[in-house]
Amino acid sequence: MSNKAPRGTRDILPQEASRWHFLEERFKKLCYIYDFAEIRTPLFEETELFVRSVGEESDVVKKEMYTFKDRGGRELALRPEGTAGVARAYLEHGMHNIPQPVKLFYYGPMFRYDRPQAGRQRQFYQMGIEVFGTKEPSADVEVIKFTAEFFLSIGFKNLKLHLNSVGCLQCRPFYQDDLKKFARGKLSLLCPDCQKRALLNPLRLLDCKAESCRELMKDSPQIEDYLCKSCHGHFNEVLDLLKALNVPYYVDSRLVRGLDYYTNTAFEFISEDIGAQGSLGGGGRYDNLVESCGGPAVPGVGMAVGVERIVLAMEKEKLWPEKNEPEGVFLAIDGPELREEGLVMLYSMREKGLRAETDYLNRSLKAQMKFAHRNRFRYVIIFGKEEKLKNEVKLRDMLKGEQLELSYEKALNFLI
RNA sequence: GUGGGUGUAGCUCAGCAGGUUAGAGCGCCAGGUUGUGGCCCUGGAGGUCGUGGGUUCGAGUCCCAUCACUCACCCCA
């Protein structure tokens, strides 16, 4: 026992939790406006689901999953991302047989065993949306536009939308091959990581951070020259629609994503000021995902945003509103013999829906006043011997510093 | 998994080159003010100096290990 939250996890204390509520509310409101319906899937799934969808060779599966065997011998894994579980649920409940597209949103914790750093934890929260059942570029745009609107609605003005197409299963292999060939010629000059990438995951060669590698890869083959006709057309239409909708974007031919299921459109919303892990959210199209989970060939497109990263970035950019105004009533009961009568008042205030609180430690009036002030109550009702004799209470406005004497009933009427 | 930085009170940090009872500010509690918050003053509570070894007459201070935090790589939200 160390009395510490496990590595890579942390507590969201009340002050921060209220910020999370704000984000959740905005997200859910937008989902309602865009007609996405909520789905809640389990926090763990069969390990195999993630292996098949996210990809056997991906880092997420190879080294970041929390896997375990339950008492029945089932191989399970805490979900490292949200899409796979939603796709599984889509299949399991035959949602491919209802009118398409099916638009779902989710919200909750994800788990990846990775070394924590700024904006990266082992348990982190994502809010995401998915559109199943259409290949149309307008669906990609729906998801991107939603994300752009979401970030705008919470105050971001400087996020960059990076956009790319990673092609499909037909055209991507040609590109990957040529990229490999290109890299092979310079293998000895590349950094050790890139030497591995050249063999295993050539697309990753494109976004190496080493300056020397960037220089070497400068003249590498470009994905856009390899996109097949349909991928090319798809991508261009996405771009046209974004233009028409005034969503600014930046075509980043080096943008690749780590989850194997992506096809065609890939995008990320990037913040400049929260350190190395600057992606606040991202997503793309996954036309082979449902099929590779053993279902029919249902196309899809979706995205997820990281709550911790958004909170971080909003702090950096000072997007959080100032402390809220004092509100509610604190009932200062001065004298233990008045407690019973006071509590009746307290609960009657709460019945009326007022934020009402009292002291539970038999503290002095002074201490109670201090507490009311610190805890941002707008009013204090003082109920002591003096008031009891006159059958009155004092109602103090903590903001104005004024107070008046009146009956409790009148005070209550004033407050509600 | 790899590398750098950091771990002293609830929080932010001092602690000089190893030397008696470990400090400050903020916060908390109480009093100054016989019932009234904010400002001011006084007092009080609160510390296994991350943990475990080692060096030394003596370790918060030096060494090693370990854990955690942090930043970066890898990768991603």
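Labels below follow one simple rule: chain letters A, B, ... track the order of the sequence lines, proteins then strands, and each chain is numbered from 1. Just so you know, these numbers use all the heavy atoms, side chains as well, and skip hydrogens, waters and symmetry mates.
In this structure, A118(A) reaches the sugar-phosphate backbone alone: every heavy-atom distance under 4.0 Å involves primed, P, OP1 or OP2 atoms, never a base. Residue G128(A) is out of contact with every strand shown, counting any heavy-atom pair closer than 4.0 Å. Within the nucleic acid shown, G8(A) comes within 4.0 Å of sugar-phosphate atoms alone, with no base atom in reach, counting heavy atoms only. G335(A) comes within 4.0 angstrom of nothing in the nucleic acid, heavy atoms only. Residue Q403(A) is classed as a base contact, given a heavy-atom separation below 4.0 Å to a base. Base contact: G384(A) has a heavy atom under 4.0 Å from a base atom. Backbone-only contact: L280(A) has heavy atoms under 4.0 Å from sugar-phosphate atoms and none from a base. Here E64(A) lies in heavy-atom contact (under 4.0 Å) with sugar-phosphate atoms only. Within the nucleic acid shown, R197(A) comes within 4.0 Å of sugar-phosphate atoms alone, with no base atom in reach, counting heavy atoms only. Heavy atoms of E387(A) sit under 4.0 angstrom from at least one base atom. Looking at heavy-atom distances under 4.0 Å, R374(A) makes contact with sugar-phosphate atoms alone, never a base.
Across the C1' atoms, G60(B) and A17(B) are found 15 Å apart, a figure rounded to whole Å. A distance of about 11 Å separates the P atoms of U51(B) and U61(B), rounded to the whole Å.
The cationic atom of R122(A) (NZ for Lys, CZ for Arg) lies less than 6.0 Å from the six-membered ring centre of Y113(A) and within 45° of the ring axis. Annotation: cation-pi pair R112(A)/F124(A) absent, no NZ/CZ under 6.0 Å from the ring centroid and within 45° of its normal.
Salt bridge R74(A)/E45(A): absent, no basic N to carboxylate O contact under 4.0 Å.
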* **Worked check of side chain to side chain contact (heavy atoms under 4.5 Å, CB included) between F156(A) and S271(A)** => CA-CA 9 Å; F156(A) 284 106; S271(A) 161; 5.5 Å; no
- Should Y125(A) and Q123(A) be marked as a side chain to side chain donor-acceptor pair (under 3.5 Å) after you check the CA-CA gap, both sets of side-chain angles, and the distance that decides it? CA-CA 7 Å; Y125(A) 285 74; Q123(A) 175 175 332; 3.2 Å; yes
Decide yes or no on side chain to side chain contact (heavy atoms under 4.5 Å, CB included) for R10(A) and E16(A), but give the supporting numbers first.
CA-CA 12 Å; R10(A) 66 195 190 102; E16(A) 193 183 343; 2.9 Å; yes
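Minimum atom distance to the side chain of A276(A) is reached by C73(B), of the listed G35(B), A77(B), C73(B). Minimum atom distance to the side chain of I382(A) is reached by U36(B), of the listed C29(B), A77(B), U36(B). Considering only the side chain of M398(A), G37(B) comes nearest among G37(B), A30(B), A77(B).
A heavy atom closer than 4.0 Å to some atom of RNA chain B occurs in no member of residues 19-26 of chain A.
Heavy-atom distances to RNA chain B give each of K370(A) and G282(A) a nearest nucleotide, and the one nearer the 5′ end belongs to K370(A). Toward the 5' end of RNA chain B, the nearer of the two residues R7(A) and A367(A), judged by each one's closest nucleotide, is A367(A).
In summary, the side chains of Y175(A) and Q222(A) do not present any donor paired with an acceptor at a separation below 3.5 Å, with no hydrogens or angles considered.
Residues I381(A) and V393(A) have side chains in contact (heavy-atom distance under 4.5 Å, counting atoms from C-beta outward).
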Reading nucleotides 1-8 of chain B from 5' to 3' and marking B where a protein heavy atom lies under 4.0 Å of the base, S where only the sugar-phosphate is that close, and - otherwise, the string is BBB-----
Taking Watson-Crick and G-U wobble contacts under 3.5 angstrom, with | marking pairs to another strand and [ ] crossing pairs, the secondary structure of RNA chain B is written (((((((..((((.....[...)))).(((((.......))))).....(((((..]....))))))))))))....
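The distance from atom CD of Q117(A) to atom P of U70(B) is 10 Å, rounded to the nearest whole Å. Atom CZ of R363(A) is separated from atom P of G31(B) by 12 Å (rounded to the nearest Å).
In this structure, CE in M314(A) is found 5.0 Å from CD1 in I154(A), a value given to the nearest 0.5 Å.
Between F151(A) and F269(A), the ring centre distance stays below 6.0 Å.
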